[in-house]
Amino acid sequence: MKSLFFFLLCIFIIKIEYSVVNSELNDQGYCTKFISYRESRSVPYVETYREKKWGIFYTTKYRWNYKTEYYTKWKEERTCCYMYMKQNEKCVPTCFHDCGHGDCVSPNTCSCHKGYQLMNSHNPVCVAICEHPCVHGRCTAPNVCSCNFGYRMNSDGFTCEPICNPNCDLKTAFCSEPDICTCHKGYEKVNYTTCKPICSVPCSNGNCTAPDTCTCNQGYSLDLDDKFICKPICDKCVDGTCIAPGICICVQGYSLNEEGYCKPVCSKSCHMGICISPETCMCHEGYGFLNDSTNVCEPICPKACINGFCKHPNVCECHEGFQVTGEETNLHICVPHCNSPCEPYGECTAPNVCTCHAGYSLADNDEAIHFDEESVCKPICEKVCVNGFCTAPNYCSCWSGYEHSDINNVCIPVCNPTCSLHSYCEAPNECICDEEYKLAIDNIGKNNITYTCEPICKEECINGFCNAPDECSCNTGYKKFNSIESNECKPICEPSCWSHSSCTAPNVCTCDENYVLTTNKENSSKCEPNCQPACPPNSICEIPGLCLCKEGYQSFYDNNSMNCEPICEFDCKNGICSSPNTCSCELGYINDKNGSCVAHCSVDCNNGTCIEPEVCSCDEGYVLTEESLTCEPYCKNNCTNGKCVAPDDCRCDDGFIKDGNDTDSICINACKDACNENGICLDDQGNCDCFFGWNGTACEKPTFCIVNILEEYKAYETLSIIKEQSHSKILTSKTYPTCQECLSQVNNQTTCFEFQYNIFREQNYSAVCLVDAASMCYIKSSPLKEIVKVSVAVGGVAVLIMITSIGVACYKFKKQKK
């Protein structure tokens, strides 16, 4: 009895030591497991044999012999615990999913690095943390955003802006999505990148340059009453209608003068007045109409003019031979005037009528006009004074412009300056030119007069001068172009004038009628035909009054008005022909390499075709997925245990192989009997990784089984149950073999452990007993419905095995002894 007690005590101590050792190993990720192996031994037995005796007789004898007997033994092996793996000679925890930017610190538990946090409750991984949400992007590193495809980061570091290539015209549009330009409000699409402003009413004689804003063509200005109408500009068109820039048509009763103004027309000229309206004259200030006349005005004087007439307003003009006295109060009184003074030897009694005093006689009329300062009452000279007059008895004085000759009573004319070449002095300061010459007077200074004789040319020298009789010379900038027109000099233009123009002055070209001068950006000028009204957009004025569409455009008429529309050689379906061979696509369509408008899908239609905006049509053998809206290959057998990589072509998962060589073959487990669901098929070679509690090539051999005993059973009280201790834990689940059928054979010597579990939120207790697989119990692998957590010392299993082995050995020993 004492020996049995001592034996049980030793077993209990060994069990505790095993439990402590296993607990320390398990804390480091190490566990121990028992592995069965076959061992041989020699077993004695009594055998019979016959020995020959007396000839043909035999005698039966007995002897001891030995036979080799094989039995199963168990050995302990140190290995990494479940959810641990060997790395650098250490057992490190493993996680079902890669922790990413973190470390796997315990089975299926990640510890994230700084700047990262766990996300996704089902498959937690470490993802980067960004203080600001990444707009159109994702957080790829702490506070670092990476933009989605088609976007780029702006200056704030977390907002991704869409990229449009080519760039949008920022004045009229903005990039709303990758490669999608959206027009600003009030604009409409012209092409992929550019929008044009929209005017609710077409601009007349102008262009729509902003929403509901017209910019007038050159020579036009905006109508103040209608912002969509541009009126032609005429600076001087008063009393007329401006029909085109600078072209005015006067209203009835008015005519255009040389300065470009519309002036009223009076059929009768307004004398000393102005025409203020058609057929209506108005007299100048100080004038009034003469009698009943409506167009002749005469001056008005408030005082009657004596010996004269009213010549200007309040100004009297004396009759011929009369003059005013010069007194301020008598400006309206005219007195007789004698051209030659009558005083001091007489007085003027009538116009040019002198009455001489006694002792003087009146000179002849022809003689009297030459006296300016002295009286016409002259003394008498016996000899007649030639070119002079008698100023004293028998003394002649020369007339002005004459001088005394060698003869006392004869005066000869004086020319100052002396007559020039080709002339002679005929009278005072009067030179007579020779034949074929004419007199020319040049004023030099205030009182100096120069007389020259110029040659006479019968025909007028045009743009030149006569330098000899009937011989013309050209002015500067002019020359003669032929000998027939020897008197005409024509202007010279260098360089030569453009087509449809002529040289009208030196280096001055004037366009022909119905042609206008234009200057391009390179300051090059030319005369272009003038079309009225102006030619429509995308056309040119070919000849005066004829508009032709530019190359790439064709003409059409709308309300008898010609317009030019672009020509596209291909069909602009889903768009409009906006310029020659250029389609502007509708929203949702883009230009292909040929220029046509095709549907656009923001998601790449791999294995398919974009048939409508954002609508993909998959190729044969592919189907559209609802999640990504992309075309994925379709397999008829759904690719169980694999992935569909091409139409009706499956790629098997690890541990699975195809059941045939056809593309539509299904994937089957590569391991025998699929490891009997008691392990994982590792590779295509059929190698199984058995779960804890199973062994064999197909995990078909259990190493022990579990009996679950609830607290409510009576057997629970009779068993020796070990309380949960240390940190050694074995996870039991549906993969572990159970043998509830062995419940009746569980006794007080069976190793049982207590654990807690929750049922309907109430705390309950249960015992788990480990039964050797070699037990006579019928073992059935009935999966548990829940995951059960127990604390078990591997030493307990070892003790169980030892007790069972001792019992078997004792039984056999007793049997042999008998």
Side-chain angles (χ1 to χ4, degrees), residues 219-221 223-225 231-326 328-337 339 350-352 441 443 459-463 488 502 504-505 508 510-516 530 532-533 544-545:
Y220 291 84
S221 64
D223 192 340
L224 298 178
D225 297 328
K231 300 172 62 178
I233 300 173
C234 297
D235 296 335
K236 306 173 183 179
C237 195
V238 181
D239 298 321
T241 302
C242 188
I243 62 171
I247 299 177
C248 183
I249 296 180
C250 298
V251 299
Q252 187 175 6
Y254 291 82
S255 64
L256 202 67
N257 64 5
E258 295 179 353
E259 298 176 355
Y261 293 98
C262 289
K263 297 296 182 181
V265 178
C266 293
S267 57
K268 294 181 179 180
S269 176
C270 295
H271 180 69
M272 299 308 294
I274 59 172
C275 187
I276 60 173
S277 63
E279 303 298 339
T280 303
C281 293
M282 182 180 72
C283 294
H284 296 315
E285 186 177 0
Y287 289 82
F289 286 112
L290 176 64
N291 298 328
D292 296 332
S293 176
T294 59
N295 65 310
V296 178
C297 301
E298 62 177 0
I300 300 173
C301 293
K303 293 183 181 180
C305 296
I306 300 174
N307 296 323
F309 60 92
C310 189
K311 184 177 182 180
H312 299 292
N314 203 25
V315 176
C316 287
E317 179 76 16
C318 295
H319 293 313
E320 186 177 1
F322 291 87
Q323 65 180 11
V324 295
T325 60
E328 189 69 29
T329 57
N330 295 324
L331 294 177
H332 63 290
I333 299 175
C334 297
V335 295
H337 169 67
N339 292 331
N352 287 325
I441 301 175
N443 293 325
E459 295 182 357
E460 181 183 2
C461 293
I462 301 173
N463 298 321
E488 183 178 1
S502 58
T504 56
V508 176
T510 301
C511 294
D512 297 343
E513 186 178 3
N514 293 325
Y515 285 85
V516 293
N530 184 22
Q532 294 297 335

For the pair [Y]/[X], is the SG to SG distance below 2.5 Å?
| X | Y | value |
| --- | --- | --- |
| C262 | C248 | no |
| C275 | C266 | yes |
| C318 | C334 | yes |
| C270 | C281 | yes |

In a table with atom names and distances, give each donor-acceptor pair under 3.5 Å that connects a side chain of residues 252-260 to protein atoms at least two apart or in another chain.
residue: N257; atom: OD1; partner: E259; partner atom: N; Å: 3.2
residue: N257; atom: OD1; partner: G260; partner atom: N; Å: 3.0
residue: N257; atom: OD1; partner: Y261; partner atom: N; Å: 2.7

Please table the atom pairs, donor to acceptor, closer than 3.5 Å between any side-chain atom in residues 290-300 and protein atoms at least two apart or in another chain.
residue: S293; atom: OG; partner: N295; partner atom: N; Å: 3.2
residue: S293; atom: OG; partner: N295; partner atom: OD1; Å: 3.1
residue: S293; atom: OG; partner: V296; partner atom: N; Å: 3.0
residue: N295; atom: ND2; partner: S269; partner atom: O; Å: 3.0

Can you tell me how far the [atom1] atom of [X] sits from the [atom2] atom of [Y], to the nearest 0.5 Å?
| X | Y | atom1 | atom2 | answer |
| --- | --- | --- | --- | --- |
| K311 | C301 | NZ | SG | 11.5 Å |
| C283 | H271 | SG | NE2 | 9.5 Å |
| E317 | H312 | CD | NE2 | 6.5 Å |
| T241 | I249 | OG1 | CD1 | 7.0 Å |
| Q323 | N307 | CD | CG | 11.5 Å |

- Item | Validation row: M282, F289 side chains within 4.5 angstrom (heavy atoms) | no

- Item | Flag if over 12 foreign heavy atoms under 6.0 Å of CD, E279 | yes

- N463 and E488: CA distance, side-chain angles, deciding distance, side chain to side chain contact (heavy atoms under 4.5 Å, CB included) verdict: CA-CA 7 Å; N463 298 321; E488 183 178 1; 5.8 Å; no

